[in-house]
Amino acid sequence: MLRMSTLFLRTLREDPADAEVPSHRLLVRAGYVRRVAPGIYSWLPLGLKVLDNVATIVRQEMDAMGAQEVLFPALLPREPYEATGRWTEYGDNLFRLKDRRGNDMLLGPTHEEMFTLMVKSEYSSYKDLPVSLYQVQTKYRDEARPRAGILRGREFLMKDSYSFDLDDEGLKKSYEAHRAAYVKIFDRLGMDYRIVSAVSGAMGGSASEEFLAVAPTGEDSFVACTNCDYAANVEAVQIGTGTAEAAEHPPLEVLDTPDTPTIETLAAFLGVTAGETLKNVVVKLRHPDGSTEPLIVGVPGDREVDLKRLEANVAPAEVVAFEGEDFAKHPGLVRGYIGPQGDLGVRYVVDPLVVDGSAWVTGANVEGKHARNVVMGRDFTPDGTLAAAEVRAGDPCPRCGSALSLDRGIEIGHVFQLGRKYADTFSLDVLGPEGKPVRVTMGSYGIGVSRAVAAITEQSYDDKGLVWPRSVAPADVHVVIAGQGEQQEGGNRLAEELEAAGLRVLLDDRHKVSPGVAFKDAELIGIPTYVVVGKTLAADGTVEIRDRKAGTSRAVPVSDAVAEVLAEVRS
RNA sequence: CGGGGCGUAGCGUAGUGGCUAGCGCGCCUGCUUUGGGAGCAGGAGAUCGCGGGUUCGAGUCCCGCCGCCCCGACCA
């Protein structure tokens, strides 16, 4: 039993000044977590209970699907990460340190390398596969900008698992098993989530899906079809192509358009809509080997270029800004007046919304001049297409054509068919039935355990405080003693009976606090059911059972209280 | 990395260059109180982020640094 008279807890009457998002604000106010450094948090008793509850559910379902738990160190040697190139690839996001002998070490951001090496060192026969291993472990990523409390921290708790199979079919099965386990986990956590197609990116694998907790504070945008079950991260969505009118277009015409370096000024000057213009955005690609290459992307003028989406489509290259000095190196690029016609000397691609036969108003590659009736296929031919335009609500679903909705989500899980990238690097083979080595294929699967705590909070709170789902609440029931003497005794007795009935009980047995404080704290702490033992006990022998979420209250005789609470908690 | 905001007690904050840096919450002692963040009395707690400068005098003005929070990592 947790007794508030001795519980290590201090709630705050006011919101902390540095917290903005609800989960951060409330987890700090209610005394669940405390900040130690940017993106680094301590867990207080109540918070740790929730964190443990989430981890327990994750473990139960991972065990149930046949995965086995192991634990790697967070402190790791450089070599394995050097072998896969991630020592460099991770850049500043990697926490690096040296031991006393000057050897490079790191704090693990994720553990593909270590799991691969462990399986390699232990297993050597096809008879040993498939196998899935997982751990619940603290990860370290030196984020450029940690934000939103524990939603994006530099140290966080993650469940990562890895499957090892002989062939693609086996990998698919392991993947599906993980996916199914994740569905159970997030259902049990009481979360509102979507499974969306994700970008495989640099990892090179095929299938990849993200579990996104729907929340306005989420960092990921995703689309979902309003008709069919299609859903995808905006970085991965393939919206339909544009349409071209069959009509013959008048010949290309160059116009004087002084002082119109932006789409806005151009559209206003010519009296056309932004959607009729072709916006040509110059970026720079930085390849893994460090070399850079300019790239121009053409998108309809009424759309922004979605850099994350573009980057997902040019992986493993990174997209970086094309700056003033870069323009100096490419005098053919007239800032504000770039058009795809003519020889730009730079690779030019268009978004799929720009199609053959479509006519555009676009730059004339001369300061102060634009061109109209610039027809793709007639006046210019791009070097390819790359999905880069921002996706909008209402865009057509690629599967059924219905309108897409656009929402934000918090990435709480990711399932991913890795393939043989790591197996190749470390030559992870097992001996096959024919006596020949078979290269193993892998999947990797993650759940942000600490992030899930915050994500649950983001989905479940009100103006009074937290409202936990029963499955993760720090206690099953919160008994509030609002009164002295008989109420004190009655409350203590009830709490003990509830505990004897198998419930986890939080008892507010603080003598000196006024009932108002006790109520406010109960609401802030957010245990779904709380029982008030107070004046009604003396008056008519009843206690109140309150539902935190609904805000409802009902009086029951104290003798029935245990049964009533049990019924509610077990429902 | 760029932009914006902010650093005053555990938390939230006030503070025209001028007395001993103020208030609320929290904390400690005592008495009263006990169904919606109690009252009274007394008390502890601050190198005003750090360093330099201007000044008779700096929390306040100037310079530099550090830290934190938010936004953006792009509109040609």
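Sequence lines set the chain letters: A, B, ... in the order given, protein chains first and strands last, and positions in each chain run from 1.
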At 4.0 Å (heavy atoms only), tell me whether [X] reaches a base, stays on the sugar-phosphate, or touches nothing.
X	answer
A/Ala482	base
A/Val299	nothing
A/Gln488	nothing
A/Ala37	nothing
A/Asp521	base

**Study point:** Pair of N/O donor and acceptor under 3.5 Å linking B/G26 base with A/Glu14 side chain
**Key:**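 Answer is no: no donor-acceptor pair is held.
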
Exercise for review: Output, in order, the C-alpha distance, side-chain angles, deciding distance and verdict of side-chain contact (heavy atoms from CB on, under 4.5 Å) for A/Met4 and A/Leu506.
Suggested key: CA-CA 7 Å; A/Met4 285 183 73; A/Leu506 173 63; 3.7 Å; yes

Please report, rounded to the nearest Å, how far the [atom2] atom of [N] is from the [atom1] atom of [X].
X	N	atom1	atom2	value
A/Ile40	B/G67	CD1	P	14 Å
A/Asp540	B/G35	CG	C1'	14 Å
A/Lys512	B/G30	NZ	P	8 Å
A/Arg25	B/C69	CZ	P	17 Å
A/Lys520	B/G35	NZ	C1'	12 Å
A/Asp220	B/A73	CG	P	14 Å
A/Arg152	B/A73	CZ	P	14 Å
A/Lys535	B/U33	NZ	C1'	16 Å

Exercise for review: Compare side-chain N and O positions of A/Arg147 against OP1 and OP2 of B/C71 and report whether any pair is under 4.0 Å apart.
Suggested key: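 Indeed, a polar side-chain atom of A/Arg147 lies that close.
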
Could you check which nucleotide pairs with [N] in any of the strands shown, counting Watson-Crick or G-U wobble with both distances under 3.5 Å?
N	answer
B/A44	none
B/U13	B/G22
B/C31	B/G39
B/G72	B/C1
B/G67	B/C6

What interatomic distance, in whole Å, is found between [atom1] of [M] and the corresponding atom of [N]?
N	M	atom1	result
B/U55	B/U8	C1'	22 Å
B/C62	B/G24	C1'	34 Å
B/C19	B/C56	C1'	15 Å
B/A58	B/C50	C1'	16 Å
B/C69	B/U29	P	35 Å
B/A73	B/U13	C1'	34 Å
B/U54	B/C63	C1'	11 Å
B/G49	B/G35	P	44 Å

Counting side-chain heavy atoms from C-beta on, which of [options] comes nearest to [X]?
X	options	answer
A/Glu20	B/G35, B/C69, B/C74	B/C69
A/Arg29	B/G37, B/C70, B/G35	B/G37
A/Ser514	B/G24, B/A38, B/U33	B/A38
A/Pro515	B/U13, B/C27, B/U34	B/U34
A/Val517	B/G37, B/C11, B/U13	B/G37
A/Leu12	B/C74, B/C69, B/C11	B/C11
A/Tyr530	B/G36, B/G37, B/A76	B/G36
A/Pro38	B/C25, B/G35, B/C69	B/C69
A/Arg10	B/C11, B/G26, B/G35	B/G26
A/Arg13	B/C27, B/G37, B/C68	B/G37

**Study point:** Minimum heavy-atom distance between A/Ile412 and A/Ala455, given as atom pair plus value
**Key:**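 For A/Ile412 versus A/Ala455, the nearest heavy atoms are CG2-CB, 3.8 Å.
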
Review point. Are the aromatic rings of A/Tyr461 and A/Trp468 close, with centres under 6.0 Å apart?
Key: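 No; A/Trp468 has its ring centre 6.0 Å or more from that of A/Tyr461.
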
Is any side-chain N of the basic residue among [X] and [Y] closer than 4.0 Å to the acidic one's carboxylate O?
X	Y	value
A/Arg554	A/Glu568	yes
A/Arg3	A/Glu496	yes
A/Asp220	A/Arg408	no

Check your understanding: Are A/Tyr41 and A/Val33 close enough that some pair of their side-chain heavy atoms sits under 4.5 Å apart?
Key ->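 Counting from C-beta outward, A/Tyr41 and A/Val33 do come under 4.5 Å.
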
Practice item. Could you pick out which residue, A/Val21 or A/Gly516, lies toward the 5' side of RNA chain B when each is mapped onto its nearest nucleotide? Key: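 Going by which nucleotide is closer to the 5' end, it is A/Gly516.
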
Review point. So which one's nearest nucleotide on RNA chain B is more toward 5', A/Gly149 or A/Ala17?
Key: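 The residue mapped nearer the 5' terminus is A/Ala17.
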
Point to revise | Full working for side chain to side chain donor-acceptor pair (under 3.5 Å) between A/Tyr530 and A/Glu523 | key: CA-CA 9 Å; A/Tyr530 63 108; A/Glu523 283 151 356; 3.1 Å; yes

